[in-house]
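This report concerns only the one structure given below.
Model, not experiment: these values are computed from the prediction.
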Amino acid sequence: MPQHIAVLTGDVIDSRKVEDRPRLYRLLDESLAELASRHGGHGERFRGDGFQLALPRAAPAMEAAVALRAALIEHSEPDQRWDARIAVAVGPAERGVAAADGATFVASGRALDALADTSAHLSLTRLEAPEDPGLALLIRFIDDLLDGWSSFSAEVVGLSLRHDASQQALAERLGIRQPSVHKRLRAARWALLSDTLDYLRQRLADEEGTP
């Protein structure tokens, strides 16, 4: 089975209302660069609040989407919540992740356009796999869960995604007590989210035929 790539195409919700756009753009640039480095991919921002991240493997696609949204929610302005619509597409690697061309890139862009006409902020398109209502339900679950996050929930989940650390280690990084970390992780429903992301990672890896 040929290698698959994942393409995440997104835009910031209500970005015209953001007062400190330079800070928003820096955050997007830094988040895309960090995820591209972590996964060996390629990320770029375009038209101000638009962005795209291409990963050389399909498996970490949903984790990366959650990490991007977590970064935005964490750094929201006091009077405005930052978030994004992100359309994930998984499909054949035709010309590599830096080419920004091919069926998987096109599918991701079209899926983002489709999101604009709905209340959803997250979608997954698998070009070479049959539709799966159960999988679509999991994506809806993740989307709904993230919609309820506070900036504190987003911060602790973002750290958990980047570091395989104990709650005590997370507490030391955040400068708070371990019970406070536990409370924030519980509010974010991290245990359930983590298991869901692990399942999606394995599912996409199995469909790609990679270990």
Original post:
Are L124 and L193 joined in one hydrophobic group, where the rule is that I, L, V, M, F, W and Y side chains link up if heavy atoms are under 4.5 Å apart?
Top reply: yes
Original post:
Atom OG in S15, atom CG in D83: separation rounded to 0.5 Å?
Top reply: 12.5 Å
Original post:
Side chain of D14, backbone of K17: donor and acceptor closer than 3.5 Å?
Top reply: no
**OP:** Mark yes or no for whether T125, through its side chain, and A89, through its backbone, hold a donor-acceptor pair below 3.5 Å.
**Re:** no
Original post:
Between atom CG of L161 and atom OG of S194, what is the distance when rounded to the nearest 0.5 Å?
Top reply: 8.0 Å
Original post:
Should we say atom CZ of R189 is surrounded by more than 12 heavy atoms from elsewhere, each under 6.0 Å from it?
Top reply: no
Original post:
Do H39 side-chain atoms and L35 backbone N/O form a donor-acceptor pair below 3.5 Å?
Top reply: no
Original post:
If Ile, Leu, Val, Met, Phe, Trp and Tyr residues are connected whenever their side-chain heavy atoms lie under 4.5 Å apart, and connections chain through other members, are V66 and Y199 in the same group?
Top reply: yes
Original post:
Any donor-acceptor pair under 3.5 Å linking the side chain of S37 with the backbone of E34?
Top reply: no
Original post:
Side-chain donor-acceptor pair under 3.5 Å between Q168 and Q178, yes or no?
Top reply: no
Original post:
Would you say the side chain of E207 lies within less than 4.5 Å of the side chain of E128, judging by non-hydrogen atoms?
Top reply: no
Original post:
Is there a side-chain contact between L159 and R162, using heavy atoms and a 4.5 Å cut-off?
Top reply: yes
Subject >> Note, L55 side chain near I5 side chain (heavy atom, < 4.5 Å) >> reply: no
Original post:
Mind checking whether F46 and Y25 sit in one hydrophobic cluster, side chains of I, L, V, M, F, W, Y counted as touching below 4.5 Å?
Top reply: no
Subject >> Backbone of E208 reached by a side-chain donor or acceptor of R57 within 3.5 Å >> reply: no
Original post:
Say you draw a straight line from CZ of R110 to CG of L112; how long is it, rounded to the nearest 0.5 Å?
Top reply: 13.0 Å
Original post:
Would you find a donor on one side and an acceptor on the other, under 3.5 Å apart, between the side chain of R26 and the backbone of D29?
Top reply: no
Original post:
Should R201 and M62 count as side-chain neighbours, where that means a heavy-atom distance under 4.5 Å?
Top reply: no
Original post:
Heavy atoms, side chains only, cut-off 4.5 Å: are D132 and R203 in contact?
Top reply: yes
Original post:
Without hydrogens or angle criteria, can the side chains of Q202 and D198 be said to hold a donor-acceptor pair below 3.5 Å?
Top reply: no
Original post:
Does I13 belong to the same Ile/Leu/Val/Met/Phe/Trp/Tyr cluster as L27, with side-chain heavy atoms less than 4.5 Å apart forming each link?
Top reply: no
Original post:
Do other residues, nucleotides or ligands put more than 12 heavy atoms under 6.0 Å from R173 CZ?
Top reply: no
**OP:** Apply side chain to side chain contact (heavy atoms under 4.5 Å, CB included) to V90 and L127, showing your working.
**Re:** CA-CA 6 Å; V90 171; L127 271 67; over 6 Å; no
Subject >> Heavy-atom donor-acceptor pair, R38 side chain to A64 backbone, under 3.5 Å >> reply: no
Subject >> L197 reachable from L170 in the ILVMFWY side-chain graph, under 4.5 Å edges >> reply: yes
Subject >> Atom pair CG/CZ of L28 and R21 - distance to nearest 0.5 Å >> reply: 12.5 Å
Original post:
Mind checking whether V7 and L53 have side chains closer than 4.5 Å, heavy atoms only?
Top reply: no
Original post:
For the side chain of T104 and the backbone of P92, is there at least one donor-acceptor N/O pair under 3.5 Å apart?
Top reply: yes
**OP:** Side-chain contact test, heavy atoms from C-beta onward, threshold under 4.5 Å: evaluate it for R23 versus H75 and give yes or no.
**Re:** yes
Original post:
Got a donor-acceptor contact below 3.5 angstrom from the E77 side chain to the D20 backbone?
Top reply: yes
What donor-acceptor contacts under 3.5 angstrom involve side-chain atoms of residues 135-158, with partners at least two apart or in another chain?
residue	atom	partner	partner atom	Å
D143	OD1	R69	NH1	2.9
D143	OD2	H121	N	2.7
D143	OD2	L122	N	3.3
D147	OD1	R69	NH2	3.1
D147	OD1	H121	ND1	3.3
W149	NE1	A188	O	3.3
S150	OG	F152	N	3.3
S150	OG	S153	N	3.1
S150	OG	S153	OG	3.4

**OP:** Side-chain contact test, heavy atoms from C-beta onward, threshold under 4.5 Å: evaluate it for L8 versus S108 and give yes or no.
**Re:** no
Original post:
Quick one: CG on D11 to CZ on F51, what's the gap to the nearest 0.5 Å?
Top reply: 7.0 Å
